[in-house]
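Reviewing the structure listed below.
Chain naming here is simple, since letters A, B, ... match the order of the sequence lines and numbering starts at 1 in each. These figures come from a predicted structure and were not determined experimentally.
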2 protein chains.
Amino acid sequence: MISPPVLKPASLNCIDCPIKHRAVCAYCEKSEMAMLEMMKSYKTYPAGSPIIFAGDRMKFVGSVVTGVARLSQTMEDGRRQMVGLLLPSDFVGRPGRSYAAFDVEATTDVILCRFERKPFEKLLKDIPHLRERMLEMALDELDSAREWMLLLGRKTAREKIASLLIIIARRQNAVQDETHTDVQFDLSLTREAMSEYLGLTLETVSRQINALKKDNIIALEKKRRVVVKDFARLLSETGDDEDGGFLV
Amino acid sequence: MISPPVLKPASLNCIDCPIKHRAVCAYCEKSEMAMLEMMKSYKTYPAGSPIIFAGDRMKFVGSVVTGVARLSQTMEDGRRQMVGLLLPSDFVGRPGRSYAAFDVEATTDVILCRFERKPFEKLLKDIPHLRERMLEMALDELDSAREWMLLLGRKTAREKIASLLIIIARRQNAVQDETHTDVQFDLSLTREAMSEYLGLTLETVSRQINALKKDNIIALEKKRRVVVKDFARLLSETGDDEDGGFLV
DNA sequence: CAAATAACTTGACTTAGATCAAGGTCGTTT
DNA sequence: AAACGACCTTGATCTAAGTCAAGTTATTTG
């Protein structure tokens with residue numbers, strides 16, 4: 001069983017939804033009527049398929065309901081860097097812009113709750129609540145992009161891997177207690193996808209993951225499932241401040 | 001003479017200001033009266049001085065009027081990564097959050113137009129126009145953070161340097177014509193600051209800059225002034241798509 | 001269920017950039 | 001104008017991560 005993902009506080013999902021920890025689109029059940037009248041549709045993208053390419057015309061925006069998608073950028077010679085990891089409740093697309101700036105690709109099967117862009121933009125004008133949420137989401141994304149920049153610019157390969165594992169574990173609600181051992185979660189990313197996230201090669205990713213295994217910090221199971229055997233130790237391998245949480 | 005900086009389209013500055021290309025705070029001259037009633041003050045920070053440290057209580061938000069500031073993150077062992085370069089019109093601080101998430105430091109002398117955070121947050125609620133601008137600014141920042149991630153994760157040292165030079169040249173309005181030669185601008189950053197921006201060491205920065213000089217692509221003048229002798233060539237050294245501009 | 005394919009591991013070797021260590025320039029201070 | 005300090009350059013050496021090249025293990029498909 002896959003643990004339910006952590007919904008970001010300012011997501012579009014679950015705004016008024018009674019089911020607090022499942023990813024159901026905003027306004028699906030009740031609340032602002034206008035939203036209901038808008039063209040809204042769910043679409044499933046199979047694992048590995050493109051959702052949109054950089055430069056394509058963007059007809060919709062939306063949010064991830066289930067699955068994992070990624071936002072990435074490609075250089076002419078094929079070098080690729082992931083610039084966003086999209087988990088349930090994350091927003092896709094930029095209101096007010098008609099062309100995509102980045103590639104979006106489904107990593108696992110993805111269900112997207114889509115809104116036509118134009119009517120969504122109109123709603124954004126009309127519903128202050130929605131605009132506030134969008135601002136909060138953008139600022140949260142910006143903060144995590146900036147932490148990611150520290151990772152890319154300054155961390156060692158091992159620190160990068162440890163950081164990624166912890167980010168994914170946390171977003172999957174797998175971590176109840178930071179001192180807990182045997183935290184389990186689905187990685188859902190291939191070695192190549194991880195290397196694109198971390199600015200490494202897939203060989204380096206493989207070596208570092210196996211080094212963590214050899215040091216008895218994690219164990220690897222079938223189907224890209226990870227068991228963290230020593231969470232505190234994994235945390236200390238990230239290079240991050242121990243008490244990053246004191247910032248309210 | 002220093003060229004006037006490029007104001008981002010969605011900045012708080014110059015919203016209705018008749019002087020289009022000087023950095024004057026929003027509403028300084030006219031427009032929304034509420035803004036005038038708010039506690040607003042200008043403060044000058046000398047080059048090299050801290051504006052705020054990560055974790056400090058944030059009493060104000062504001063925007064850069066003149067000068068260059070930087071946003072950075074520090075690891076316990078002293079590794080530092082710049083995560084934002086703040087030029088005139090850029091916003092500092094996060095409304096709705098009481099503690100700073102990153103260090104902010106003046107690189108050159110900086111004049112900041114500051115607003116007390118609480119009343120600013122109230123204004124943000126009341127003036128839709130302002131909220132829209134904040135959203136636009138956040139999304140622009142997010143886009144540039146993501147491009148920066150590609151730079152940090154995948155570019156070579158030479159590509160990083162070329163990219164930085166072009167970003168700074170563009171933001172200073174120094175580039176009228178992309179094919180133009182003899183584009184001149186103030187770098188305003190020490191080798192160390194550049195190395196923190198690019199995820200390199202200062203020695204590597206120095207070597208790469210001198211390599212560009214040796215290849216007759218740039219020339220270095222007194223007072224950190226740079227002359228680009230072959231702009232097209234510099235552009236081609238960034239590794240970026242030639243025609244990134246087709247996205248409207 | 002076997003064959004095919006995709007994903008992962010591991011080893012040997014290379015290299016871009018880091019590190020360590022002097023010196024050299026420039027601008028400011030007395 | 002000498003002396004100081006901050007900034008920059010350059011060389012020699014080291015090393016973390018990249019590259020190339022087989023193999024091995026999972027997962028999917030016919």
Side-chain angles (χ1 to χ4, degrees), chain A residues 46-49 68 75 77-81 105-109 151-164 186-215 218-226 237 239, chain B residues 46-49 75 77-81 105-109 151-162 164 186-215 218-226 237 239:
Chain A
S49 69
V68 180
M75 293 171 71
D77 61 4
R79 280 176 281 174
R80 273 169 74 83
Q81 176 64 50
E105 195 185 338
T107 297
T108 63
D109 288 353
L151 178 150
L152 289 172
R154 296 296 177 198
K155 289 191 179 177
T156 64
R158 176 178 259 239
E159 289 169 339
K160 287 177 174 182
I161 295 286
S163 303
L164 176 61
D186 290 296
L187 195 45
S188 311
L189 298 173
T190 63
R191 298 287 180 263
E192 184 175 39
M194 285 188 269
S195 75
E196 282 174 16
Y197 187 105
L198 301 170
L200 298 170
T201 58
L202 68 90
E203 293 95 330
T204 299
V205 170
S206 177
R207 279 187 248 269
Q208 293 298 332
I209 285 190
N210 284 292
L212 289 176
K213 186 171 125 191
K214 204 160 290 168
D215 294 349
I218 60 169
L220 303 176
E221 298 192 349
K222 294 283 154 74
K223 289 275 217 173
R224 293 193 190 117
R225 198 163 175 78
V226 174
E237 295 282 355
Chain B
S49 69
M75 293 170 72
D77 61 3
R79 280 177 280 174
R80 273 169 73 85
Q81 175 65 51
E105 196 186 338
T107 296
T108 63
D109 288 354
L151 178 149
L152 289 172
R154 295 297 177 197
K155 289 190 179 177
T156 63
R158 176 178 258 242
E159 289 168 341
K160 286 176 173 183
I161 294 287
L164 175 60
D186 290 296
L187 196 44
S188 312
L189 298 173
T190 64
R191 299 287 181 263
E192 183 174 41
M194 286 189 266
S195 75
E196 282 174 16
Y197 188 105
L198 301 170
L200 298 171
T201 58
L202 68 90
E203 293 94 331
T204 299
V205 169
S206 178
R207 278 186 247 270
Q208 293 299 331
I209 285 190
N210 284 292
L212 288 176
K213 187 171 124 190
K214 204 160 289 167
D215 294 349
I218 61 169
L220 302 176
E221 298 194 347
K222 296 282 155 78
K223 290 273 217 174
R224 295 195 187 115
R225 198 163 176 77
V226 175
E237 296 281 354

Heavy-atom pair with the smallest gap, counting every atom of [X] and [Y]:
{"X": "Q81(A)", "Y": "E196(A)", "result": "NE2-O, 3.0 Å"}
{"X": "D186(A)", "Y": "K223(A)", "result": "OD1-O, 4.3 Å"}
{"X": "Q208(B)", "Y": "I161(B)", "result": "CB-CG1, 3.7 Å"}

For K222(A) and for A157(A), find the nucleotide of DNA chain D with the closest heavy atom, then tell me which residue's nucleotide is more 5'.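 Nearest-nucleotide comparison on DNA chain D picks A157(A).
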Can you check the [X] [atom1] to [N] [atom2] distance for me, whole Å?
{"X": "I161(A)", "N": "dA16(D)", "atom1": "CD1", "atom2": "P", "answer": "16 Å"}
{"X": "L198(A)", "N": "dG18(D)", "atom1": "CG", "atom2": "P", "answer": "10 Å"}
{"X": "R225(A)", "N": "dA7(C)", "atom1": "CZ", "atom2": "P", "answer": "20 Å"}
{"X": "R154(B)", "N": "dG17(C)", "atom1": "CZ", "atom2": "P", "answer": "13 Å"}
{"X": "R79(B)", "N": "dA16(D)", "atom1": "CZ", "atom2": "C1'", "answer": "13 Å"}
{"X": "Q208(A)", "N": "dA16(D)", "atom1": "CD", "atom2": "P", "answer": "10 Å"}

Mind checking if G48(B) touches a base, just sugar-phosphate, or nothing, with heavy atoms under 4.0 Å?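 Nothing: the residue G48(B), judged by heavy atoms under 4.0 Å, touches no strand.
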Can you tell me which nucleotide in dA26(D), dG17(C), dT19(C) comes closest to the side chain of L200(B)?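 Nearest to the side chain of L200(B) among the choices is dG17(C).
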Give a yes or no on whether the backbone of L202(B) and the side-chain of S206(B) come within a donor-acceptor separation of less than 3.5 Å.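 Looks like no, no N/O pair under 3.5 Å.
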Does E221(A) have more than 12 heavy atoms from other residues, nucleotides or ligands lying within 6.0 Å of its CD?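 Atom CD in E221(A) is crowded, with more than 12 foreign heavy atoms closer than 6.0 Å.
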Test item: L200(A) and R207(A) side chains (from C-beta on) under 4.5 Å apart, heavy atoms: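 Of all side-chain heavy-atom pairs linking R207(A) with L200(A), none is under 4.5 Å.
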Does the protein touch nucleotides 3-12 of chain D at the base, only the backbone, or not at all? Give it as B, S and - per nucleotide, heavy atoms under 4.0 Å. ----SSBBBB
